[in-house]
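Shown next, in structure tokens, is the structure this report addresses.
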2 protein chains.
Amino acid sequence: MSELSSISRKEQIVEEAANLFRLKGYASATMRDLAAELGIEAASIYHHYKSKEELLEKICFDMADKFITNAKEVNDIYFNAEEKLRLSIKLHVELITENQNQSAVFLSEWRSLSEPKLSLFKQLRQQYENQFMIILKDGEKEDIFDHTDIKFAVLSILSTINFVNEWYKVDGKMNPAEIAEKLSNFILGGLRKKATLNR
Amino acid sequence: MSELSSISRKEQIVEEAANLFRLKGYASATMRDLAAELGIEAASIYHHYKSKEELLEKICFDMADKFITNAKEVNDIYFNAEEKLRLSIKLHVELITENQNQSAVFLSEWRSLSEPKLSLFKQLRQQYENQFMIILKDGEKEDIFDHTDIKFAVLSILSTINFVNEWYKVDGKMNPAEIAEKLSNFILGGLRKKATLNR
DNA sequence: ATTTTTGTCTAACAAACGTTAGTAAAATGA
DNA sequence: TCATTTTACTAACGTTTGTTAGACAAAAAT
């Protein structure tokens, strides 16, 4: 049982850390803040984690892992480019909405990582972005997407689907799947080749 | 001349502060960092500004002012909704690319403001967002935009055009006007009513 | 029953923080 | 030239920071 409750405590600390880092920013959130939220003393945290930055690292890299796993899942399924893009967006939105705190840290607080973890993290992010580029390139070949600056499009897409985390509320009108569909329509409307009659 | 050089020094401090706040985040950037960058001592800054937060406030509210001025300029010109949206996007992108540091602070570091300035700032942001909502509503009436969740669309648009600040480089391939046009096309493609034959 | 492990505590540390006080130098105006 | 204003300096302050050391209690394992 010590094993189980230990894991649970460790996870509890990380979850509260993510919440706090999101709320106040990594630099402004103190170990005493975190401890208070957990009902313990700051020193006690060091029994579970060896530094404040280790908490940040865990959150950032765990999320990076999940995003990349999603991307691989998409490419394992042999759909056309449009379906791949729609699935990518759906998984992305679901991951974000199901882990809002950790996602916020992954999306904005990673800048506080110090080398060499910082470079490693950037590399993983790049890896994920590349998956989207591949999908868009495929779509261009399949002639279902407009010819466009691929990198430009990927960044625009990601910025849009990442921003979900800043307005999504669990008790809101739309559920994640609906949000993903709306976003996909919005984005694809901008990508899909129009009938020649209007412009 | 004392007047002039005083203003210039004051501006120099704010500009370097914006650069530093963007680079390290407000909380992580120290007054000693800022002083070192200026070639003076930390205490000397307090002759020009009474606190660190005053610097943040100046950057945030100066930029808010500029964004809102832009929005008013757009509404003073009586174009149709599509032209209004295109102009809004253009002015937005130009403002961002011409003030990358201050824009980054305006976009992300405002969370470090403390009350009551924080509430005031949020109010100004809301004011700016509302201008976009009005344009989209007009476009719906004029029947040139698809019927869509207006708030959803505005947030998607803003997230996309704000994200420009994270990848734009002054020496890059595209100039601000070109970026604005591409973004407008991308966004409008998603908004504009399609010919009925494709979906 | 006793040892070991686990989780927490109190106390304190050195370093870094924003900021203030008082002083000196440099620029400006008479 | 002298007085005034502007700008910077040195030195230090009181806090807050992340973190460590060592003790103590509870739980688990032997």
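Protein chains get the first letters and strands the later ones, always in sequence-line order, with residue 1 at the start of each.
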Quick one: bend of the helix from C:dA1-D:dT30 to C:dA27-D:dT4 from 5 pairs per end, to 10°?
10°
Mind checking ring-ring contact (aromatic ring centres under 6.0 Å, His included) for B:Y168 and listing every partner two or more places apart, or none if nothing turns up?
none
Got a sec, which residues hit side-chain contact (heavy atoms from CB on, under 4.5 Å) with B:E15, two or more places apart in sequence or on another chain?
B:Q102
Taking ring-ring contact (aromatic ring centres under 6.0 Å, His included) as the definition, give me every residue that meets it alongside A:F21, ordered by chain and number, with sequence neighbours left out.
A:Y26
With a 3.5 Å cut-off and sequence neighbours excluded, list the donor-acceptor pairs that the side chains of residues 54-67 of chain A form with protein atoms.
{"from": "A:E54", "atom 1": "OE1", "to": "A:K50", "atom 2": "N", "distance (Å)": "2.6"}
{"from": "A:K58", "atom 1": "NZ", "to": "A:D62", "atom 2": "OD2", "distance (Å)": "2.8"}

If I take atom NZ in residue A:K50 and atom P in nucleotide C:dG7, what distance separates them, rounded to the nearest angstrom?
18 Å
Protein-nucleotide distance (A:I45, atom CD1; C:dT6, atom C1'), rounded to Å
16 Å
Find every protein N or O atom lying less than 3.5 Å from an N or O atom of nucleotides 8-11 of chain C, and list the pairs.
{"from": "C:dT8", "atom 1": "OP1", "to": "A:R9", "atom 2": "NE", "distance (Å)": "2.9"}
{"from": "C:dT8", "atom 1": "OP1", "to": "A:R9", "atom 2": "NH2", "distance (Å)": "2.9"}
{"from": "C:dT8", "atom 1": "OP2", "to": "A:H48", "atom 2": "NE2", "distance (Å)": "2.8"}
{"from": "C:dC9", "atom 1": "OP2", "to": "A:E41", "atom 2": "N", "distance (Å)": "2.5"}
{"from": "C:dC9", "atom 1": "OP2", "to": "A:S44", "atom 2": "OG", "distance (Å)": "2.9"}

Only counting residues at least two apart or in another chain, list the ones meeting side-chain contact (heavy atoms from CB on, under 4.5 Å) with A:S108.
none
So which of residues 21-36 of chain B are in contact with DNA chain D, with a heavy-atom cut-off of under 4.0 Å?
B:R32
Audit row: A:N19, A:E16, side-chain hydrogen bond (donor to acceptor under 3.5 Å, both in side chains) steps and yes/no
CA-CA 5 Å; A:N19 179 38; A:E16 194 53 51; 3.2 Å; yes
Find the distance A:Q12:CD to C:dG7:P and express it as a whole number of Å.
12 Å
Partners of A:N165 by side chain to side chain donor-acceptor pair (under 3.5 Å), sequence neighbours excluded?
A:Q100
Among residues at least two apart in sequence or on other chains, which ones pass ring-ring contact (aromatic ring centres under 6.0 Å, His included) with B:Y49?
none
ring-ring contact (aromatic ring centres under 6.0 Å, His included) partners of A:F152, counting only residues at least two apart:
B:W167
Round to the nearest Å and state the distance from A:Y49 atom OH to D:dT20 atom P.
17 Å
Quick one: list whatever passes side-chain contact (heavy atoms from CB on, under 4.5 Å) with A:K137, sequence neighbours left out.
A:I150
